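Here it is: the structure, laid out below.
All values derive from a computational prediction rather than experimental measurement.
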Amino acid sequence: MTRRFVQIGAVSAAMAVAAGAFGAHALRARLEPRLLEVFETAARYQMYHALGLFVVAWVLAQRPASAGGVARASGWLFVAGTVLFSGSLYAMALTGLRALGAITPLGGVCFLAGWVTLAVAAARLPERGGGGHGS
């Protein structure tokens, strides 16, 4: 599962970079400023959560049974959040259909739940000796 989240995170990050470049270069002259801002928000949140998937993979690589299931849930919540939040914003910006904005909060809830579950998973990791460096 660790490898899968790294792969999904890497592909999602690449897509976020491509979307950001597409928005900055191809869409700037075609979209009204507000819709371009919506598109850029989608790309930014996609990147944040692609990076979050790398953190999920790191937690899973620590191999504690007590954190694994929660960390996996966090990863899948980030994936669902990206599809729902960023996907709905991309679609809304490109089509102008504001009704798609009704989906966006569901993605936001997935993102929030993903971060909370990631915090729970991290709390379940064993403490490592750090020589007094506050590990």
- line: For residues 17-31, the salt bridge (Lys or Arg N to Asp or Glu O under 4.0 Å) pairs (sequence neighbours left out) are R28-E40
Contact check, side chains of L27 and L94, non-hydrogen atoms, under 4.5 Å: yes
- request: Answer yes or no: is there a donor N or O on one side and an acceptor on the other, between the side chain of Q46 and the main chain of M15, under 3.5 Å?
  value: no
- prompt: How long is the gap from CG on L31 to CZ on R34, to the nearest 0.5 Å?
  reply: 12.0 Å
- request: Kindly give the heavy-atom pair with the smallest separation between S74 and V56, and that separation in Å.
  value: OG-CG2, 3.7 Å
query: Same cluster or not: are L125 and V120 linked, directly or through other Ile, Leu, Val, Met, Phe, Trp or Tyr residues, by side-chain heavy atoms under 4.5 angstrom apart?
result: no
query: Does V38 belong to the same Ile/Leu/Val/Met/Phe/Trp/Tyr cluster as L97, with side-chain heavy atoms less than 4.5 Å apart forming each link?
result: yes
- prompt: With a 6.0 Å cut-off on ring centres, are F5 and W58 close enough?
  reply: no
field: Nearest heavy atoms of A42 and L89, plus distance in Å
entry: CB-CB, 3.6 Å
query: Any side-chain heavy atom of I8 within less than 4.5 Å of one from W76?
result: yes
field: Derivation of the side-chain contact (heavy atoms from CB on, under 4.5 Å) call for F39 and R44
entry: CA-CA 9 Å; F39 192 90; R44 186 172 54 253; over 6 Å; no
field: Shortest non-hydrogen contact between A121 and V70, atoms and distance
entry: N-CG1, 3.8 Å
- prompt: Hey, quick one: are L106 and L100 part of the same hydrophobic cluster, counting side-chain heavy atoms closer than 4.5 Å, chains of contacts allowed?
  reply: yes
- line: The reported gap from CZ in R4 to CE in M1 (rounded to nearest 0.5 angstrom) is 5.5 Å
- prompt: According to a 4.5 Å side-chain heavy-atom criterion applied to Ile, Leu, Val, Met, Phe, Trp and Tyr, with indirect links allowed, do L51 and W115 form part of one hydrophobic cluster?
  reply: no
- prompt: Between S88 (side chain) and L84 (backbone), is there a donor-acceptor pair under 3.5 Å?
  reply: yes
Shortest non-hydrogen contact between M47 and A16, atoms and distance: N-CB, 3.8 Å
- prompt: So which heavy atom on F54 is nearest to which on A10, and how close?
  reply: CZ-N, 3.6 Å
- request: Following the transitive rule for hydrophobic clusters with a side-chain heavy-atom cut-off under 4.5 Å over Ile, Leu, Val, Met, Phe, Trp and Tyr, establish whether V11 and V17 coincide in one cluster.
  value: no
query: Within the side chain of S12, is there an N or O that forms a donor-acceptor pair under 3.5 Å with the backbone of A50?
result: no
message: side-chain contact (heavy atoms from CB on, under 4.5 Å) for F78 and V83? Distances and angles first, verdict last.
response: CA-CA 9 Å; F78 288 164; V83 170; over 6 Å; no
query: Looking at L35 and M92, what are the two nearest heavy atoms and their distance?
result: CD2-O, 4.1 Å
field: Spacing of H49 atom NE2 and L77 atom CG [to the nearest 0.5 Å]
entry: 10.0 Å
query: Mind checking whether F111 and F85 have parallel, tilted or perpendicular rings, split at 30° and 60°?
result: tilted
- prompt: Does atom OH of Y45 have more than 12 heavy-atom neighbours from other groups under 6.0 Å away?
  reply: no
- request: Answer yes or no: is there a side-chain heavy-atom contact under 4.5 Å between V55 and L118?
  value: yes
